[in-house]
Amino acid sequence: MRLSSFFLPTLKETPTEAQIVSHRLMLRAGMIRQTSAGIYAWLPLGHRVLKNIERIVREEQNAAGAQELLMPTIQSADLWRESGRYDDYGKEMLRITDRHDRDMLFGPTNEEMITDIFRAFVKSYKQLPINLYHIQWKFRDEIRPRFGVMRGREFLMKDAYSFDIDSAGAKRSYQAMFLAYLRTFARMGLKAIPMRADTGPIGGDLSHEFIILAETGESAVFCHKDWTETDVLAGAPGYDGDLQGFFDQTTARYAATEEMHDPAVCPVAEADLVTARGIEVGHIFYFGTKYSKPMGAAVAGPDGSPVLVEMGSYGIGVSRLVAAIIEASHDDAGIIWPDAVAPFDVGLISLKKGDAACDAACEDLYAKLSAAGKAVLYDDRDERPGPKFADMDLIGVPWHLVVGPRGLKSGVVELKRRATGERIELSAEAALAKLLG
RNA sequence: CGGGGCGUGGCGCAGUCUGGUAGCGCGCCAGUUUUGGGUACUGGAGGCCCCCGGUUCGAAUCCGGGCGCCCCGACCA
């Protein structure tokens, strides 16, 4: 992509409404545009990151055996009356009336709808287990949306729903998602800590929140310091392996949100306890027959008699992750994208547009990197070096390849790693080899 | 919903108290200049001053009503 024609409205100054660093940087980097309180348009740069995160989530869900489908954003109130949540959910649910005066709503979650789909088609225990998910926009009419996409009213969520014949199967489904979540967040360069959590309005008796530590996190969290020092996934099994063992071993290490933490009975010595702020990026629930019972989702068991299915649900805040990653990875100059989610792999900076040698070298590098499958943002604008460096730092591209007349005279270009600031001079060929290696 | 604050070119703000030609910085456009970390100068474009009503010869400014947005609290991916 040539920056001269890329829609990237970066800002030099920070809009006043943005209070936390991720929101400020997302606005300054031209990633999002607010359209109403808690509702945002995703501009091209932000959209690229959102899609990358979505892709990782999808790959890991598929690897864990979940199957993707897509349910609508608008739902009928009738389903929610069946589960009893139409009244329970309160004002957070956006209620809509259609032209025939039918009660509709913009889905805040999909337990009812997926249960309805399940019960329509699945009739035998032989078809279980099943885990279905989608990645779809949700709307929750928060009392106070804030912090940009961190707590928007409209947000993109991956929600998965598992169906099992018994609680042993359901727990195994839960543990598979538990592992999938750890893998998902690790791939994004995040250290997410699973914490025992309240089940809230979703209901149920087993639940973990996945929390990443960041100063601007909305809730206080407590965990053993081992969490911050070791790789949770070291020794993790495959999905057909000993999930129970991994789950037991992982959850044995203390970690709890404020609501669940009681200093009086905390098993961790004070010296080993980390007290921090956290951002919730995922939440998993096992809730048994909470929905299958009122909605009559039963299958024939081995003896032919009906058995209510055991369910769980598993959410990841996809749009929130964009902000959460920035909270966890930035500096004074701007965003530092982890490679896996970066909107571009390489930022190619031409220091002097119009200089024949410089233009030729840039075009050549741009063509070769692109041909090799790299996403390259080529800053071919007729600008001075200063703004180019500043913009590339701001939008956080992981590698900066700087090409200028001065270096070309001595046969070198400069390669900079955004995360460390480390810069090396090397030949164009060597730079290509390093970026493609 | 309770408490606090804000609404003036794209962004950041002044002007409002004390009514009288709508301003500054950044950005944008043109030209000159400069050229390895947001160059300097000159010229230019761009504003229903959130909306409606009232007071007044005259309202960004005063009065009434509405709308929108932000921050602090309880709820949530």
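Just so it is clear: chains get the letters A, B, ... in the order the sequence lines come, proteins before strands, and each one is counted from 1.
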Could you state the atom-to-atom distance from CD of Glu280(A) to P of C75(B) in whole Å?
13 Å

Taking OP1 and OP2 of C70(B), is either one under 4.0 Å from a side-chain nitrogen or oxygen of Thr16(A)?
no

Scanning all shown strands, the Watson-Crick or wobble mate of C6(B) with both distances under 3.5 Å is G68(B)

Gap in Å between the two P atoms, one belonging to A45(B) and one to C50(B), rounded
24 Å

In Watson-Crick or G-U wobble terms, with both distances under 3.5 Å, the base opposite G73(B) is C1(B)

Using a heavy-atom cut-off of 4.0 Å across all strands, would you classify Glu209(A) as base, sugar-phosphate, or nothing?
nothing

Work out how far the P atom of C24(B) is from that of U42(B), and round it to whole angstrom.
13 Å

Check ion pair Arg417(A)-Asp339(A) (N to O, under 4.0 angstrom)
yes

For the backbone of Val397(A) and the side chain of His400(A), can you confirm whether one donor and one acceptor N or O come within less than 3.5 Å of each other?
yes

In whole angstrom, what separates Glu258(A)'s CD from C75(B)'s P?
10 Å

Could you check how far CG of Leu190(A) sits from P of A77(B), rounded to whole Å?
18 Å

Taking OP1 and OP2 of C72(B), is either one under 4.0 Å from a side-chain nitrogen or oxygen of Arg144(A)?
yes

side-chain hydrogen bond (donor to acceptor under 3.5 Å, both in side chains) for Ser350(A) and Asp380(A)? Distances and angles first, verdict last.
CA-CA 6 Å; Ser350(A) 165; Asp380(A) 60 338; over 6 Å; no

If you look at every strand shown and take non-hydrogen atoms under 4.0 Å, does Gly152(A) touch a base, only sugar-phosphate, or nothing?
base

Identify, between Ala333(A) and Ile143(A), the residue whose nearest nucleotide on RNA chain B lies closer to the 5' end.
Ala333(A)

Relative to each other, are the rings of Phe222(A) and His261(A) parallel, tilted or perpendicular (30° and 60° limits)?
parallel

For G31(B) and U39(B), measure between their C1' atoms and round to the nearest Å.
16 Å

With heavy atoms under 4.0 Å as the rule, sort Asp391(A) into base, sugar-phosphate or nothing.
base

Considering every strand shown, what is the Watson-Crick or G-U wobble mate of U33(B) when both distances are under 3.5 Å?
none

Over all strands shown, is Gly282(A) touching base, sugar-phosphate only, or nothing at heavy-atom distances under 4.0 angstrom?
sugar-phosphate

Look at the rings of Trp137(A) and Trp42(A) and say which category their plane angle falls in: under 30° parallel, 30 to 60° tilted, over 60° perpendicular.
tilted

Interatomic distance at C1', C63(B) relative to G19(B), whole Å
13 Å

For a quick test of reading the model: is some side-chain N or O of Lys12(A) closer than 4.0 Å to OP1 or OP2 of G27(B)?
yes

Quickly work out the Leu27(A) CG to C26(B) C1' distance and round it to whole Å.
17 Å

Looking across every strand, which nucleic acid part, if any, lies under 4.0 Å from Lys416(A) by heavy atom: base, sugar-phosphate, or nothing?
base

Of the candidates G37(B), C75(B), C28(B), the side chain of Pro385(A) sits closest to G37(B)

Tell me whether the guanidinium CZ or amine NZ of Arg253(A) lies under 6.0 angstrom from the six-membered ring centre of Trp227(A) and within 45° of its axis.
yes

Over all strands shown, is Pro387(A) touching base, sugar-phosphate only, or nothing at heavy-atom distances under 4.0 angstrom?
base

Return the stacking result for G38(B) and Phe389(A): yes when the ring centres lie under 5.5 Å apart and the planes under 30°, no otherwise.
no

When we call it a touch if two heavy atoms are under 4.0 Å apart, what does Gly90(A) touch: a base, just sugar-phosphate, or nothing?
nothing

With sugar-phosphate meaning primed atoms plus P, OP1 and OP2, does Arg153(A) contact a base, only sugar-phosphate, or nothing at under 4.0 Å between heavy atoms?
nothing

P-based separation of G23(B) from G9(B) [nearest Å]
14 Å

Determine the interplanar angle of the Phe210(A) and Phe185(A) rings, folded into 0 to 90°, and report it as parallel if under 30°, tilted if 30 to 60°, perpendicular if over 60°.
tilted

Would Asp116(A) and Arg119(A) satisfy salt bridge (charged side-chain N to carboxylate O under 4.0 Å, His left out), going step by step from the backbone distance to the final call?
CA-CA 5 Å; Asp116(A) 181 56; Arg119(A) 70 183 174 184; 2.9 Å; yes

Using whole Å, report how far CZ of Phe147(A) lies from C1' of C69(B).
15 Å

Residue whose nearest RNA chain B nucleotide is more 5′ - Gly38(A) or Val318(A):
Gly38(A)

Take Asn110(A) and Tyr133(A) through the side-chain hydrogen bond (donor to acceptor under 3.5 Å, both in side chains) test and state the conclusion after the steps.
CA-CA 10 Å; Asn110(A) 284 65; Tyr133(A) 76 97; over 6 Å; no

Measure NZ/Lys409(A) against P/U35(B) and give the value in whole Å, please.
12 Å

A77(B) to A59(B) separation - C1' atoms, rounded to the nearest Å:
48 Å

Contact class for Ala37(A) vs. all strands (heavy atom < 4.0 Å): base, sugar-phosphate, or nothing?
sugar-phosphate

Whole-angstrom distance between A14(B) and C76(B), as gauged at atom P
38 Å

May I ask you to establish whether Arg2(A) and Tyr378(A) are in a cation-pi arrangement, using a distance under 6.0 Å from NZ or CZ to the six-membered ring centre and at most 45° from the ring axis?
no

P-based separation of G53(B) from G46(B) [nearest Å]
27 Å

When the distance from NE2 of His23(A) to P of C70(B) is rounded to whole Å, what number comes out?
8 Å

For a quick test of reading the model: is some side-chain N or O of Arg146(A) closer than 4.0 Å to OP1 or OP2 of G73(B)?
yes

Met157(A) side chain: which of A77(B), C1(B), G36(B) is closest?
A77(B)

So does Arg151(A) get a side-chain nitrogen or oxygen closer than 4.0 Å to the phosphate oxygens (OP1/OP2) of C76(B)?
no

Give a yes/no on whether any side-chain N or O of Arg384(A) is located under 4.0 angstrom from OP1 or OP2 of U39(B).
yes

Are Tyr174(A) and Tyr286(A) close enough, and set up right, to give a ring pair (Phe, Tyr, Trp, His ring centres under 6.0 Å), and what steps lead you there?
CA-CA 7 Å; Tyr174(A) 184 91; Tyr286(A) 162 58; 7.0 Å; no

Using purine N1 to pyrimidine N3 plus N6-O4 or O6-N4 for Watson-Crick, or N1-O2 and O6-N3 for G-U wobble, each under 3.5 Å, what pairs with G23(B)?
C13(B)

If I take atom CD in residue Glu154(A) and atom P in nucleotide A77(B), what distance separates them, rounded to the nearest angstrom?
17 Å

Is any side-chain nitrogen or oxygen of Gln19(A) closer than 4.0 Å to OP1 or OP2 of C72(B)?
no

Anything under 3.5 Å between a protein N or O and an N or O of nucleotides 5-10 of chain B, put it in a table, one pair a line.
none

